S.K.: 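The structure is given below, and queries will be raised subsequently.
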Amino acid sequence: MLMSKRMSGLHPYVPGEQPKDRVYIKLNANENPYPPSESVQNAVLEFVKNHPEKMGLYPDPDSNELRAAIADMLNQSGGVLCRAKIDGKKVLPSDEDKLAFTVTPDMIYCGNGSDEVLSFLFYAFFDSSKKFVMPEFTYSFYPVYAGFYDIPIDCVPLKADWSLDTSEMIKRAALNNGGIIFANPNAPTGIGLKRSDVLQMLKAANQDEIFVVDEAYVDFGGESCISLLSDFKNLVIVRTFSKSLCGAGQRLGYIVANPELVNIVTTVKNSVNHFPIDAIAQVSGTAACRDVAYYVDTSRRIVQERDKFYDFLKENGFFVIKSQTNFLFAKHQKIGGEKLYKAVKENGILIRHFATKGIEEFVRISIGTPHQMEMLAQAILKAIK
Ligand SMILES: *Cc1c(COP(=O)(O)O)cnc(C)c1O
């Protein structure tokens, strides 16, 4: 037999479609509709033009400049871009997002998209002899990694209002002693937990087991748990450039955690791929972090457009969950999720439909530019008429 035995256990993640047959308005993968800032574009051009020799050399394996820039960005913004204050060229955290300490570069591990970072976390901290806890509906890559590394899962159903059942999650985590992971705000629901709720969970959890909070969407209005890192050595916060930093194409994700945990993940990295972040992505990511004000502005635009579109959906017969992310999760009282997805696609717009039982009536709509959302509104009105 050609294939290894472990291949039969693989069930790969299916991303939002990236069609080649025609140009769609893409509102199906929570990508950012705005381009990276001009200083990012210029930094990449400058690098390629003036340092072509560096493209023939291996990049810094540990992305030190980029990690320092990420730490700086977090300290400036407090970890939630849409609420950060712009003061000339300077960015300051809002009062509620002020960090309790300064984030240092040794607290950052950066990898090839947070998907890769998550895979290393699963390898390093979850065990095949113990179940880890996650919510029933959350980022669907977590169970894929569990399959890849052969780690059993204990899935906790969401509450009736679609929020996380934190007390049940903690109860199960205490039974299993195998760690916990969830997205905050959660996907595909868009609902966030308060930092005080996560603090209660952390206090109740076993401090010797890993506690992972995926903050992919936090810049759009959630509460970051970075401040809790000083008290919990088992806490790992995962973040990405793909959503709020307009960078899904450059594949950058990172963790913020205790330096000891950063070292453990670095050991995994050095056992798989010594150079996961190419030289150009290191340049563009560093430039993005140094232009925080631009991303504060784009995050605010998306938040504004999201809340406007929430009202539109409500006024037109949808059940919509209030969102702290760059997407809305909604179902119409008459037309089903798949039908709506197809009708909208015929009008050249992609939104996301999950065939998963329990959420099959919903669609997930990523927030685009005002023009894109206007086009979508027209397509939806046509579909529900
Ligand atoms: C988009 C997303 C990711 C993946 O981000 P990449 O950095 O593009 O790999 C991780 N977690 C959640 C919850 C996401 O929605």
Side-chain angles (χ1 to χ4, degrees), residues 12-18 26-33 36 63 66-67 70 73 79 81 108-122 134-146 148 158 162 164 180-193 198 212-225 236-257 265 269 272-273 276-278 281-282 284-285 288-289 295 299 302 306 321 323-329 351-352 354 356 359 364-367:
Y13 177 73
V14 183
E17 57 192 315
Q18 312 277 350
K26 275 195 89 262
L27 303 174
N28 67 336
N30 298 341
E31 292 145 312
N32 200 303
S63 310
L66 174 57
R67 287 162 64 210
I70 291 170
M73 170 187 65
L81 287 176
I108 308 289
Y109 169 87
C110 192
N112 191 257
S114 61
D115 287 341
E116 184 199 59
V117 173
L118 283 163
S119 123
F120 291 173
L121 291 176
F122 272 72
M134 66 169 217
E136 182 183 5
F137 297 114
T138 187
Y139 187 39
S140 43
F141 224 130
Y142 306 153
V144 173
Y145 288 132
F148 188 80
L158 299 183
W162 298 95
L164 298 190
I180 190 165
I181 185 169
F182 58 92
N184 187 39
N186 196 23
T189 59
I191 302 174
L193 289 175
V198 181
V212 183
V213 182
D214 185 341
E215 294 190 349
Y217 299 105
V218 78
D219 280 321
F220 302 105
E223 292 190 13
S224 175
C225 290
V236 178
I237 292 166
V238 181
R239 303 178 53 121
T240 177
F241 281 62
S242 297
K243 315 289 164 44
S244 55
L245 294 177
C246 310
Q250 64 190 349
R251 309 307 303 129
L252 289 172
Y254 59 96
I255 67 169
V256 195
V265 179
K269 185 258 300 180
V272 178
N273 178 5
I277 308 180
D278 68 81
Q282 292 193 31
S284 67
C289 293
Y295 298 98
S299 299
I302 286 170
R306 175 195 71 204
I321 298 177
S323 167
Q324 293 178 305
T325 63
N326 67 339
F327 59 82
L328 288 164
F329 199 51
I351 55 177
R352 190 87 193 259
F354 299 93
T356 317
I359 55 172
R364 193 197 65 190
I365 300 168
S366 309
I367 303 303

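Just so you know, ligand 1 is whichever comes first in the structure, and atom 1 is the first atom listed for that ligand. In this text the structure is predicted, and so the values were computed from the model without any measurement. Just the heavy atoms: all of them, side chains too, but no hydrogens, waters or symmetry mates, feed the values below.
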S.K.: Specify the closest pair of heavy atoms between Pro185 and Gly222, including all atoms of both residues, with the distance to one decimal.
M.R.: CG-CA, 4.1 Å
S.K.: Between Ser63 (side chain) and Arg67 (backbone), is there a donor-acceptor pair under 3.5 Å?
M.R.: no
S.K.: At less than 4.0 angstrom from any non-hydrogen atom of Gly113, what atoms of ligand 1 do you find?
M.R.: 7 (O), 9 (O)
S.K.: Taking heavy atoms and a distance under 4.0 Å, where does Lys243 meet ligand 1: side chain, backbone, both or neither?
M.R.: side chain
S.K.: For ligand 1, which atoms, with element, lie under 4.0 Å from some heavy atom of Arg251?
M.R.: 6 (P), 8 (O), 9 (O)
S.K.: Let me see the working for Asp219 and Arg239 under salt bridge (Lys or Arg N to Asp or Glu O under 4.0 Å), right down to the final yes or no.
M.R.: CA-CA 10 Å; Asp219 280 321; Arg239 303 178 53 121; 3.4 Å; yes
S.K.: Tell me which one of Tyr13, Tyr217, Phe241 gets a heavy atom nearest to atom 15 (O) of ligand 1.
M.R.: Tyr217
S.K.: With respect to Tyr145, which candidate in Phe141, Phe148, Tyr142 satisfies the ring-ring contact (aromatic ring centres under 6.0 Å, His included) definition?
M.R.: Phe141
S.K.: Got Asp115 and Tyr13 here, is their nearest side-chain heavy-atom distance under 4.5 Å?
M.R.: no
S.K.: Would you indicate which of Ser114, Ala183, Gly249 comes nearest to atom 3 (C) of ligand 1 when only heavy atoms are counted?
M.R.: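 Heavy atom nearest to atom 3 (C) of ligand 1 belongs to Ser114.
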S.K.: What atoms in ligand 1 come closer than 4.0 Å to a heavy atom of Ser242?
M.R.: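 This gives 6 (P), 7 (O), 8 (O) as the contact atoms.
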S.K.: For the atom pair CG (Leu193) and CG (Asn186), what is the distance rounded to the nearest 0.5 Å?
M.R.: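 The distance works out to 8.0 Å.
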S.K.: Any N or O of Thr240 that comes nearer than 3.5 Å to an N or O of ligand 1?
M.R.: yes
S.K.: What protein heavy atom lies closest to atom 13 (C) of ligand 1? Include the residue and the distance to one decimal.
M.R.: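 Looking at atom 13 (C) of ligand 1, the protein heavy atom closest to it is Asp214 OD2, 3.4 Å.
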